[in-house]
J.: 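One structure is given below, represented as structure tokens, and several questions about it will come after.
Predicted, not measured: the structure shown is a model, and the values here were computed from it.
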Amino acid sequence: MEVISDLLAETDGPLPSLRRDLRERIEHRLFGHVADPWALFDAVRAATEIDVPTRLIHDADDDLVPLAQAHALRAAYGARAELVVTRGLGHRKVLGEPAVIDSALEFIAPATRRTTL
């Protein structure tokens with residue numbers, strides 16, 4: 001599974017020198033004592049430690065994080081996770097889409113009712 005460092009290197013976002021500087025700071029200043037600091041950001045690394053139902057919502061047209069990442073998460077979390085794939089929202093519009101918000105609220109509503117009783 002790709003990690004943040006790979007995505008950071010591939011984006012058209014910040015200038016290449018800024019990306020290199022950020023990578024350097026993360027690897028040497030923040031996590032210099034860790035052999036592989038990027039593994040800390042890998043969401044499938046500790047999947048067995050998380051035992052809660054999860055709904056993953058990912059857009060097929062995401063230009064920053066490939067859909068394969070969501071499929072890898074779904075596979076790692078097994079029956080605890082479900083994947084909802086949207087289309088046409090990209091990486092940024094997915095959070096503001098009313099259907100996505102409704103889906104998230106529908107998913108968390110039963111848990112909210114259980115905790116307030």
J.: For the atom pair CD1 (I108) and OG (S103), what is the distance rounded to the nearest 0.5 Å?
T.: 10.5 Å
J.: Which pairs with one or both residues in residues 100-110 pass salt bridge (charged side-chain N to carboxylate O under 4.0 Å, His left out), sequence neighbours excluded?
T.: R55-E106
J.: Same hydrophobic cluster for F41 and L22, using side-chain heavy-atom links shorter than 4.5 Å among ILVMFWY?
T.: yes
J.: With D21, which residues qualify under side-chain hydrogen bond (donor to acceptor under 3.5 Å, both in side chains), at least two apart?
T.: R25
J.: Mind checking the CG-CD1 spacing from L89 to I57? Nearest 0.5 Å is all I need.
T.: 10.5 Å
J.: Can you name the nearest heavy-atom pair linking L83 to A70, along with the distance?
T.: CD1-CB, 3.7 Å
J.: What heavy-atom pair brings A47 and A76 nearest, and what distance separates the two atoms?
T.: CB-O, 3.6 Å
J.: Determine whether E97 and K93 satisfy the following criterion, salt bridge (charged side-chain N to carboxylate O under 4.0 Å, His left out), listing intermediate values before the conclusion.
T.: CA-CA 6 Å; E97 173 61 33; K93 293 180 185 175; over 6 Å; no
J.: Going through the checks in order, is the side chain to side chain contact (heavy atoms under 4.5 Å, CB included) test met by L40 and V34?
T.: CA-CA 9 Å; L40 299 172; V34 177; 4.2 Å; yes
J.: So, do H58 and T86 sit near enough that their side-chain heavy atoms are less than 4.5 Å apart?
T.: no
J.: Answer yes or no: is there a side-chain heavy-atom contact under 4.5 Å between L18 and R20?
T.: no
J.: Measure the spacing between CG of D62 and CD of Q69 and express it to the nearest 0.5 Å.
T.: 10.0 Å
J.: Would you say that E27 contacts R23 through its side chain, given a criterion of any heavy-atom pair below 4.5 Å between the two side chains?
T.: yes
J.: With rounding to the nearest 0.5 angstrom, report the CG to CZ distance, D36 to R45.
T.: 10.0 Å
J.: Following the transitive rule for hydrophobic clusters with a side-chain heavy-atom cut-off under 4.5 Å over Ile, Leu, Val, Met, Phe, Trp and Tyr, establish whether L95 and V100 coincide in one cluster.
T.: yes
J.: With a 3.5 Å distance limit and no angle check, can you tell me whether D61 reaches the backbone of R87 through a side-chain donor-acceptor pair?
T.: no
J.: Compare all side-chain heavy atoms of D51 with those of R80 and state whether any distance is below 4.5 angstrom.
T.: yes
J.: Are L73 and V44 close enough that some pair of their side-chain heavy atoms sits under 4.5 Å apart?
T.: yes
J.: State plainly whether one hydrophobic cluster holds both F107 and V84, where clusters connect Ile, Leu, Val, Met, Phe, Trp and Tyr through side-chain heavy atoms under 4.5 angstrom apart.
T.: no
J.: How many angstroms lie between atom CG of L56 and atom OG1 of T54, to the nearest 0.5 angstrom?
T.: 6.5 Å
J.: Between OH of Y77 and CD1 of I50, what distance do you get to the nearest 0.5 Å?
T.: 3.5 Å
J.: What pairs of residues pass the salt bridge (charged side-chain N to carboxylate O under 4.0 Å, His left out) test when at least one of them lies in residues 63-75, not counting sequence neighbours?
T.: D63-R92
J.: Specify the closest pair of heavy atoms between V94 and G90, including all atoms of both residues, with the distance to one decimal.
T.: CB-O, 4.0 Å
